[in-house]
Amino acid sequence: QVQLVESGGGLVQAGGSLRLSCAASGRTFSSASMAWFRQPSGKEREFLASISWSGGSTRYADSVKGRFTISRDNARNTWYLQMNSLKPEDTAIYYCGASRLGILVRATTEINYWGQGTQVTVSS
């Protein structure tokens with residue numbers, strides 16, 4: 001099994017920045033693509049960004065393009081989401097996910113493993 005643990009969430013003022021981390025342990029697998037999703041209270045989980053195993057390819061939701069950056073460090077089995085220019089509507093629980101598909105995923109159904117989530121709250 002693969003375990004994913006997110007960290008880095010918290011409370012930040014609008015316009016501020018946060019960097020989320022997701023550390024993988026256990027039976028990690030090669031060729032995995034990684035992704036970040038979020039789930040605002042009372043809403044469905046939504047795609048934010050995904051990255052290929054090599055880190056050479058990325059994909060973003062329009063809502064975060066230009067503000068959020070996904071990256072990974074395979075040597076540390078960790079990937080990141082740098083979030084800048086945060087807005088109150090970015091408030092949500094943020095989840096990292098890993099996929100065996102080896103593609104730039106964007107759907108929750110393409111994720112094989114999920115982290116437990118970390119709360120991000122942006123105050124106005």
Side-chain angles (χ1 to χ4, degrees):
Q1 275 290 1
V2 174
Q3 292 81 42
L4 305 177
V5 179
E6 300 100 336
S7 60
L11 174 63
V12 63
Q13 288 188 332
S17 298
L18 282 174
R19 189 177 83 153
L20 305 182
S21 299
C22 182
S25 62
R27 186 171 173 244
T28 55
F29 44 93
S30 61
S31 311
S33 59
M34 309 297 188
W36 288 96
F37 290 72
R38 69 185 178 192
Q39 188 164 15
S41 181
K43 297 185 179 180
E44 294 185 351
R45 195 169 298 190
E46 62 179 359
F47 167 76
L48 296 176
S50 56
I51 188 167
S52 61
W53 172 254
S54 68
S57 298
T58 56
R59 188 177 200 175
Y60 293 93
D62 289 342
S63 59
V64 303
K65 198 175 295 182
R67 298 191 299 127
F68 291 9
T69 302
I70 189 171
S71 61
R72 66 190 298 166
D73 183 343
N74 288 340
R76 297 175 184 267
N77 285 328
T78 301
W79 62 103
Y80 308 94
L81 185 68
Q82 177 67 44
M83 306 187 294
N84 299 328
S85 302
L86 284 163
K87 307 174 183 179
E89 52 263 43
D90 293 318
T91 295
I93 299 175
Y94 284 66
Y95 296 91
C96 60
S99 172
R100 292 195 187 97
L101 293 178
I103 60 173
L104 290 175
V105 299
R106 64 175 305 164
T108 57
T109 53
E110 295 172 324
I111 299 296
N112 298 107
Y113 302 98
W114 291 101
Q116 83 287 353
T118 185
Q119 177 71 47
V120 171
T121 303
V122 184
S123 63
S124 57

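One is the number of the first residue; the rest follow in order along the sequence. These numbers come from a predicted model, not from an experiment.
For I70 against A35, the heavy-atom pair with the smallest separation is CD1-CA, 4.3 Å. When all heavy atoms are compared, the tightest approach of A14 to S124 is CB-CA, 4.4 Å. Here the closest non-hydrogen pair linking Q39 and E44 is CG-C, 4.0 Å. When every heavy atom of L4 is checked against every heavy atom of A24, the shortest pair comes out as CD2-CB, 3.6 Å. In terms of heavy atoms, M83 sits closest to L20 at CE-CG, 3.8 Å. Here the closest heavy-atom approach between residue L101 and residue V105 is recorded as CD1-CG1, 4.5 Å.
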List the steps, then state whether side chain to side chain contact (heavy atoms under 4.5 Å, CB included) holds for L48 with L81. CA-CA 10 Å; L48 296 176; L81 185 68; 4.1 Å; yes
The test is side chain to side chain contact (heavy atoms under 4.5 Å, CB included); show your working for W79 and W36 and say whether it passes. CA-CA 9 Å; W79 62 103; W36 288 96; 3.3 Å; yes
Step by step, would you call F47 with F37 a ring-ring contact (aromatic ring centres under 6.0 Å, His included)? CA-CA 4 Å; F47 167 76; F37 290 72; 5.7 Å; yes
Start with the C-alpha distance between Y113 and C96, add both sets of side-chain angles, then the distance that settles side chain to side chain contact (heavy atoms under 4.5 Å, CB included), and finish with yes or no. CA-CA 8 Å; Y113 302 98; C96 60; over 6 Å; no
Check the pair Q1, Q3 against side chain to side chain contact (heavy atoms under 4.5 Å, CB included), reporting the backbone distance first and the verdict last. CA-CA 7 Å; Q1 275 290 1; Q3 292 81 42; 3.6 Å; yes
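If you check the side chains of N74 and R76, you find no donor sitting under 3.5 Å from an acceptor. There is a side-chain donor-acceptor pair under 3.5 Å between N84 and S17. Checked by atom type, the side-chain pair R19/Y80 shows no donor-acceptor distance below 3.5 Å.
Note that CE of M34 is 9.5 Å distant from OG1 of T78, once rounded to the nearest 0.5 Å. We find the CH2-OG distance between W114 and S99 to be 10.0 Å, quoted to the nearest 0.5 Å. Distance check, rounded to the nearest 0.5 Å: CG of L18 to CG of L86 gives 5.5 Å. The distance from the OG atom of S21 to the CD atom of E6 is 10.0 Å, given to the nearest 0.5 Å.
A salt bridge links K65 with D62: at least one charged nitrogen is closer than 4.0 Å to a carboxylate oxygen.
Using modelled atom types, one side-chain atom of R72 and one backbone atom of S52 make a donor-acceptor pair closer than 3.5 Å. Using modelled atom types, no side-chain atom of S33 and backbone atom of L104 make a donor-acceptor pair closer than 3.5 Å. No side-chain donor-acceptor contact under 3.5 Å links T121 to the backbone of L11.
For the pair R38 and Y95, the cation-pi criterion (under 6.0 Å, within 45° of the ring axis) is not fulfilled.
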